[in-house]
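Lettering of chains follows the sequences in order, A, B, ..., and the numbering in each one begins at 1.
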Amino acid sequence: MNSSPIPAYNPGEIESKWQQRWEQDGLYHSNIDPSRPKHYALTMLPYPSGDLHIGHWYAMTPSDARARFMRMQGYNVLFPIGFDAFGLPAENAAIQRNIHPKVWTYRNIENMRRQLRSMGAMFDWRREAISSDPEYYRWTQWFFLKLYQHGLAYRKMSPVDWCPHCNTTLAREQVWGEDRHCERCGTPVIKKNLEQWFFKTTQYAEELLRYDGIDWPERVRTLQTNWIGRSEGAAVYFTTQDGDLLEVFTTRPDTLWGATFMVLAPEHPLVEKLTSDEQRPAVEAYVQQTLRQSDIQREAADKEKTGVFTGGFAINPVNGRRIPVWIADYVLMTYGTGAIMAVPAHDERDFAFALKYGLPILPVIARPDGLAKSFAPAASMRSGFAEALSNAGIAFDQNDEGIFVTLQSGQIDSYLNLAKEHLNSGYWNEIVGSRWVFIFENGMWEWESPEAETRILARCKELRSSVREARTLMEMLWKVEFYRDILFHAEYGMMINSAEFSGTPGDRAKAEVTRWLEQIGKGKYAVNYRLRDWLISRQRYWGAPIPIIFCPTCGIVPVPEDQLPVLLPEDVEWKPTGESPLKLHPTWRKTTCPQCGNEAERETDTMDTFMCSSWYHLRYLSPWYHEGPFDPQEYDYWMPVDTYTGGIEHATMHLIYTRFFHKACRDMGITKGGEPMLQLRNQGMVLGEDSEKMSKSRGNVVSPDNLVAAYGADTVRAYLMFFARWDQGGPWSSGGIEGTSRWLRRLWSLALEPAASKPVDETVIRNLRRKVHQTLRSVTRDFREFEFNTIVSALMELLNEMSKAKQAGAYGTPAWEEAVDIYLRMLAPVAPHISEELWERLGKPYSVHTQSWPVVDEDAAREEEITLVVQVNGKVRDRIQVPVNISEEEAKAKALATEGVQRHLEGRSPRQVIFVRGRLVNIVV
RNA sequence: GGGGAAGUGCUGGAACUGGCAGACAGGCAUGACUUAGGAUCAUGUGCCGAAAGGCGUGCGGGUUCAAGUCCCGCCUUCCCCA
C-alpha cells in the first residue's frame with residue numbers, strides 16, 4: 001500500500017548484508033596501535049549451553065554499543081568473545097542424550113557463534129578463545145603448575161561438599177540455599193573426605209579486601225568484603241585434660257572468663273580421644289547423624305541446637321577451670337579451628353545451647369545500658385515496699401503476682417538496701433542484668449563464679465520447692481518472663497567476674513586481654529577469614545586435567561611443562577560412577593614418572609571451570625600464541641581490562657577468583673599491576689512477561705532468534721537498552737518493543753523520504769541545531785555513564801523534533817544535513833545496521849562505524865530564551881519568556897508584574913523574592 | 001538477626017548540584033486515511049473538581065523561600081549473608 005518511492009525498511013536483508021560486508025573487510029579487527037589510546041572492553045564469556053538467551057543479548061549488546069562509542073571517541077578498542085566451554089552441563093546433557101560432551105559442546109558453540117553474529121556486535125572473532133580447546137587448557141594447566149611451584153597450590157585430605165546426584169565435589173560457592181543444595185541439580189549436598197587440590201586464596205584475603213584504583217560498584221565490593229569475612233580477635237590455647245592443645249579462634253577474648261564449656265565440630269580430630277567410654281555410643285551416634293543430616297544447613301539460626309557431651313574436659317587457660325567439652329553440629333570444621341569456646345552469657349547460640357542442656361552460664365560483661373531488673377513475688381516482701389520504692393524514685397509495676405522493678409544505673413545499691421529491709425522470712429529476692437545479686441535473709445550473695453552459682457542455687461532450692469528442677473541459675477531465672485530481655489546480651493561492656501580484669505571498660509577490654517594472653521603465652525592476636533582456600537578438584541571428565549603424576553617413589557610430581565597439555569582422552573566412559581571417569585579409563589591414568597621413569601599414575605581429577613575463566617581475558621589477547629598463555633606484546637598494549645561488564649551473580653565467585661589469580665600471577669612475575677579489571681559494571685536481569693525469572697518450565701522464555709526474525713537485531717538491541725535501567729533490568733514487554741520498532745521505521749522514512757523545498761524560518765533552523773547539539777551532549781554523557789535507556793529516549797525525542805523541523809521546511813538545508821549526519825553517528829553504536837544502511841544511502845563514505853564521534857557545538861546548543869517559572873510561596877503561578885542572560889533585577893521586576901502574580905498577591909507586598917538563574921523567581925509573602 | 005538496593009501515573013521508566021514531577025515509550029481514548037487494520041498519521045491521557053483551584057513521588061515527622069532529591073522514625077519488596 002505504501003505509495004512512497006522509497007524502499008521499505010527490511011531489517012533482515014540489510015542486517016545480513018552488512019554483517020557479511022563488515023566480516024569481509026575486517027572492520028572489527030583490533031590491532032596494536034601505539035599511536036592511539038587503547039580500550040579493552042570485556043563482556044563475560046558465555047557458557048555454550050546451546051542457545052543464546054535474551055539475557056546474553058541484554059548483557060552484551062549495550063556493552064557492544066559502549067565499546068563502539070569508545071571506538072568512535074578515538075580509542076583503539078578491543079572487544080573479544082569466546083566460550084567457557086568446560087563444565088558439568090555438558091556432561092549432564094551428554095548423559096541424558098548420549099552425546100559425547102565434546103560433540104555437544106562444539107555443536108552448541110557453532111550455533112551460538114551464528115546467534116552472536118546476528119547481534120551485529122564488533123567482536124574481533126580472530127581472538128575467539130574456547131576454554132576446552134587443548135591449546136587453551138594447555139595453559140590452564142601451565143598456570144596450575146606455576147601455582148604449584150610457588151607453593152600456592154597444595155593437596156590435602158578435606159571434608160568437602162559432595163553432590164550425590166552429580167557425583168562430584170562442589171566449591172562452597174556452588175552450594176546454595178538454606179538446605180545447602182547443589183547449584184546445578186538442586187540435590188542436597190553431603191560431606192565427604194577426599195584428597196583435594198586447593199589454591200591459597202586465603203593468602204590474598206587481606207589484599208582482596210582493598211579495592212584501590214578500581215571503579216567497581218559499591219554493591220560488589222560489599223559482597224566481596226562480606227564474603228571474605230574478616231574478623232579480628234584472638235587465637236586462644238586451651239588444652240584438653242590430657243594436655244593436648246585445643247586452639248580456638250574468638251572475636252571476644254574479653255569474655256574468656258565466661259567460657260564455661262567448649263564445643264567441637266563433630267568431625268574435629270580430638271573428639272575421638274576426648275570421648276569417655278560412657279559417652280562413646282552417644283557421641284558416635286551423633287557424629288553419624290551429623291554426616292547423614294549434613295543436607296540441612298547446620299548453622300541455621302532458627303534451627304534447634306543439638307549436641308552431645310563427650311565426657312571429656314578442657315582447661316580454660318585464663319583461670320585453670322575444668323570445663324566440659326561437647327560436640328555440636330552448629331560448629332563447623334571449616335570455620336576457624338573447628339572448635340569454639342562457649343560463652344553462653346554473651347553469645348546467642350551458646351546461650352540457647354547452655355539453656356537447653358543445663359550447662360553453666362556466667363555473666364562476665366556488664367550491660368552497657370546499666371539496666372537491671374528485679375521481680376519480687378507478692379508474698380516475698382513486707383508491706384510498705386512499694387511505697388519505699390516510690391520514695392526512692394525507683395520505677396516499678398505491680399499486680400497480683402508481685403512487684404516488677406526496672407532499675408536505672410545508680411539505683412542498684414539503694415534498691416538492694418530496700419529489698420533487704422523488706423524481705424520476708426523464708427524468701428529471697430534477686431537483681432539481674434547490670435549486676436547479679438541474690439538477697440537472702442542473712443546476706444547478699446553475688447553471682448560471681450560457678451562456685452557462687454552452686455551455693456546460690458542450693459539455697460534457693462532449700463527455700464522453694466518449685467525451683468528444684470532447675471539445673472542452673474539461669475534456667476531458674478529464665479522462667480520469669482519479665483527477666484527474659486535482660487538475661488542475655490552480646491555487646492561490649494565493662495568486664496566483670498574476670499579476676500584482675502574486672503572493671504576493664506568495654507572499649508579497651510579486647511585489646512588488653514589479647515596483649516595479656518600474648519604475654520603469658522596462652523594466645524595471640526589473630527585475624528580469621530570466612531574465605532576458604534579455593535578447592536579446585538573436580539571428579540569429572542569434562543574439564544582440564546590436573547597436570548600431576550603420583551609416583552610410588554617420588555610422590556607428587558608435576559607434569560613437565562614441555563609435556564603439556566595433558567590431553568583429555570576422547571574414548572572415555574564418561575557416565576558418572578562416583579569416581580572420576582578418567583579413573584576408569586583402561587590406559588589413560590597409567591604413565592611413567594618424569595623423575596624416576598618408573599610406573600606412575602596420573603591425577604584423575606579435573607580443574608574447576610572457574611580456573612579456566614580466571615584468565616580468559618588474557619587468552620583473548622593472543623589465542624594464536626604458542627610460547628606462553630599470552631603474547632607479552634599484546635599484554636603490554638591491551639591490559640588491564642578497562643571496562644568489564646556482566647552479571648552481579650559473579651560478584652563472589654568468578655570476580656574474586658579472577659582478582660586472586662591476577663595477584664598470584666603478579667607475584668609469580670607473569671602479570672603486572674594489582675588488579676585485572678579497572679571498571680566493572682553489572683547489568684540486571686531480563687525477566688519474563690510475568691515478572692518471573694525466565695525458565696523453560698514456566699514457559700516464559702523470550703527467544704532472541706524469534707525477535708530478530710520479527711523485528712531485526714537493531715530493534716532488539718535498541719529495545720534492550722531502552723526498556724529498563726540497564727543495571728536493574730525488569731520484565732520483558734512484547735508490546736514495548738513495538739515502540740522501538742516504530743521509532744526505527746520512522747527514522748527510515750524521515751531520512752530517506754524527500755520533502756519539497758520551501759522557505760524556512762530562521763528560528764526553525766536555530767531550534768533544530770540547538771536540539772541536535774543538546775542531544776549530542778546528553779547522549780555522550782549517558783554513554784560514558786552506562787545510562788543506555790536515556791540514550792535511546794533522547795534519540796527518540798530528537799527524531800520527533802526533526803520530524804517537525806522537516807515539516808517546517810528544514811529538509812535539504814545545511815542544518816538538516818548536519819542533523820542527519822550527527823543522528824546517524826549517535827545511532828551507530830545502538831543500531832549498527834540501519835545506521836550503516838542510511839549512511840550509505842545518503843551517499844556518505846563507508847563506514848559509519850569508522851567515523852569519529854561528533855563534537856558538541858556549544859554555541860548552537862546554547863539557549864537564547866528560556867521560560868522562567870514564577871512562583872508565589874513556592875507554587876507555580878505564571879511563566880515568562882526571558883533572555884537567558886536576564887539580570888536579576890529585571891527578572892524580578894518582570895515576574896512581579898505578571899498577571900498570575902498580581903492575582904495571587906492580593907495586594908500583599910512581597911517579603912522576599914528569590915531568583916534562581918535559568919530556573920525561577922519565587923515570591924514569598 | 002546483620003548488610004545492601006529499591007518504592008514516582010494503568011505499565012516500563014525520566015527528572016544531572018534541592019528549583020516547572022511524570023521526559024521518552026507502552027497501554028488506553030477520540031479522530032483521520034482505509035474494503036479491512038494488530039499498518040500509518042493527528043490529538044488527548046496523574047488524581048479530585050463544572051470551573052477557579054486543590055491534591056499528588058510507600059507512610060509519619062523535620063530542615064528550607066523551595067524536597068522525588070537532604071535529615072529522623074516507620075512500612076513494604078527484592079538481593080546477599082547468617
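- Distance alone, capped at 3.5 Å, is enough to place a donor-acceptor pair between the A:His489 side chain and the A:Ile365 backbone.
- Distance A:Ile791 CD1 to B:rA25 P: 16 Å, rounded to the nearest Å.
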With side-chain contact (heavy atoms from CB on, under 4.5 Å) as the criterion, how do A:Val779 and A:Phe69 come out once you've worked through the C-alpha distance, each side chain's angles and the decisive distance to 0.1 Å? CA-CA 10 Å; A:Val779 166; A:Phe69 164 75; over 6 Å; no
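- Nucleotides B:rA25 and B:rG4 are separated by 31 Å at their C1' atoms, to the nearest Å.
- Between B:rU69 and B:rG62, the two P atoms lie 14 Å apart (nearest whole Å).
- Between A:Arg221 atom CZ and B:rA5 atom P the separation is 12 Å, expressed in whole Å.
- Distance noted for atom C1' between B:rC28 and B:rU11: 11 Å (whole Å).
- Nearer to the 5' terminus of RNA chain B, by closest-nucleotide assignment, is the contact made by A:Gln807 (compared with the other of A:Gln807 and A:Gln912).
- Remark: the separation of the C1' atoms in B:rC10 and B:rG61 is 31 Å, to the nearest Å.
- A:Asn682 approaches A:Pro217 most closely through the heavy-atom pair OD1-CG, 3.4 Å.
- Taking the centre and axis of the six-membered ring of A:Trp726, the NZ or CZ atom of A:Arg66 falls outside the cone set by 45° and 6.0 Å.
- Judged by distance alone, the side chain of A:Tyr211 and the main-chain N or O of A:Arg221 form a donor-acceptor pair under 3.5 Å.
- The aromatic rings of A:Tyr811 and A:Trp816 are tilted relative to each other, their planes meeting at an angle between 30° and 60°.
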Given side-chain contact (heavy atoms from CB on, under 4.5 Å), test A:Leu752 with A:Tyr9 step by step and report yes or no. CA-CA 10 Å; A:Leu752 296 182; A:Tyr9 170 46; over 6 Å; no
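- Rounded to an integer number of Å, the gap from A:Leu799 CG to B:rA23 P is 18 Å.
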Yes or no on ring-ring contact (aromatic ring centres under 6.0 Å, His included) for A:Phe351 and A:Trp478, after CA distance, side-chain angles and deciding distance? CA-CA 11 Å; A:Phe351 185 78; A:Trp478 191 252; 5.4 Å; yes
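- Nearer the 5' end of RNA chain B, as judged by each residue's closest nucleotide, is the contact made by A:Arg742, out of A:Ile648 and A:Arg742.
- Taking OG1 of A:Thr652 as the start and CG of A:Asn226 as the end, the distance is 10.5 Å to the nearest 0.5 Å.
- Taking 4.0 angstrom as the limit, A:Arg745 places a side-chain polar atom (N or O) nearer than this to OP1 or OP2 of B:rU40.
- Base pairing in RNA chain B gives the following stems of 3 or more Watson-Crick or G-U pairs, range against range and under 3.5 Å: B:1-7 with B:75-81, B:10-12 with B:24-26, B:27-32 with B:40-45, B:46-48 with B:53-55, B:58-62 with B:70-74.
- Rounded to an integer number of Å, the gap from A:Arg746 CZ to B:rA25 C1' is 11 Å.
- With hydrogens and angles disregarded, no donor-acceptor distance shorter than 3.5 Å links the side chain of A:Thr225 to the backbone of A:Leu209.
- An anti orientation is assigned to B:rG7, its glycosidic angle lying beyond 90° of 0.
- Backbone-only contact: A:Val924 has heavy atoms under 4.0 Å from sugar-phosphate atoms and none from a base.
- Nucleotide B:rC20 holds its C1' atom 12 Å from the CD1 atom of A:Ile866, rounded to whole Å.
- A:Met653 places its CE atom 10 Å from the P atom of B:rC80, with the value rounded to the nearest Å.
- A:Tyr823 and A:Thr775 form no side-chain donor-acceptor contact under 3.5 Å, judged by distance and modelled atom types alone.
- Within 4.0 Å of A:Arg777, counting heavy atoms only, lies no atom of the nucleic acid at all.
- Across B:rA32 and B:rG37, the matching P atoms stand 12 Å from one another, rounded to whole Å.
- Ionic pairing of A:Lys892 and A:Glu888 is present here: one or more N-O contacts between side-chain nitrogen and carboxylate oxygen are shorter than 4.0 angstrom.
- Under the salt bridge (Lys or Arg N to Asp or Glu O under 4.0 Å) criterion, A:Arg367 pairs with A:Asp369, sequence neighbours left out.
- On the P atoms, B:rG1 is 26 Å away from B:rC70, given to the nearest whole Å.
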Report all interatomic pairs (protein N or O, nucleotide N or O of nucleotides 12-19 of chain B) with separations under 3.5 Å.
| residue | atom | partner | partner atom | Å |
| --- | --- | --- | --- | --- |
| B:rG12 | O2' | A:Phe723 | O | 2.3 |
| B:rG13 | O3' | A:Asn789 | ND2 | 3.1 |
| B:rA14 | OP1 | A:Asn789 | ND2 | 2.8 |

List the steps, then state whether side-chain contact (heavy atoms from CB on, under 4.5 Å) holds for A:Phe723 with A:Tyr58. CA-CA 11 Å; A:Phe723 90 102; A:Tyr58 189 62; 3.5 Å; yes
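- With C1' as the reference atom, B:rG26 and B:rU64 are 38 Å apart, rounded to whole Å.
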Under-3.5 Å N/O pairs linking protein and nucleotides 45-54 of chain B:
| residue | atom | partner | partner atom | Å |
| --- | --- | --- | --- | --- |
| B:rG53 | OP1 | A:Arg903 | NH1 | 2.6 |
| B:rG54 | OP1 | A:Arg877 | NH2 | 3.1 |
| B:rG54 | OP2 | A:Arg877 | NH1 | 3.2 |

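- Residues from residues 879-886 of chain A with heavy atoms under 4.0 angstrom of RNA chain B, sorted by number: A:Arg879.
- For the P atoms, the distance linking B:rC47 with B:rU57 amounts to 15 Å, nearest Å.
- Look at NZ on A:Lys804: it is 14 Å from C1' on B:rC41, rounded to the nearest Å.
- Here A:Asn873 lies out of heavy-atom contact (under 4.0 Å) with every strand.
- Residues satisfying the side-chain hydrogen bond (donor to acceptor under 3.5 Å, both in side chains) criterion with A:Ser63, sequence neighbours excluded, are A:Thr645.
- Under 4.0 angstrom from either OP1 or OP2 of B:rA23 there lies no side-chain N or O belonging to A:Asn800.
- With a 6.0 Å cutoff to the six-membered ring centre and a 45° limit on the axis angle, A:Arg717 does not count as a cation-pi contact of A:Tyr711.
- What separates CH2 of A:Trp743 from P of B:rA25 is a distance of 10 Å, to the nearest Å.
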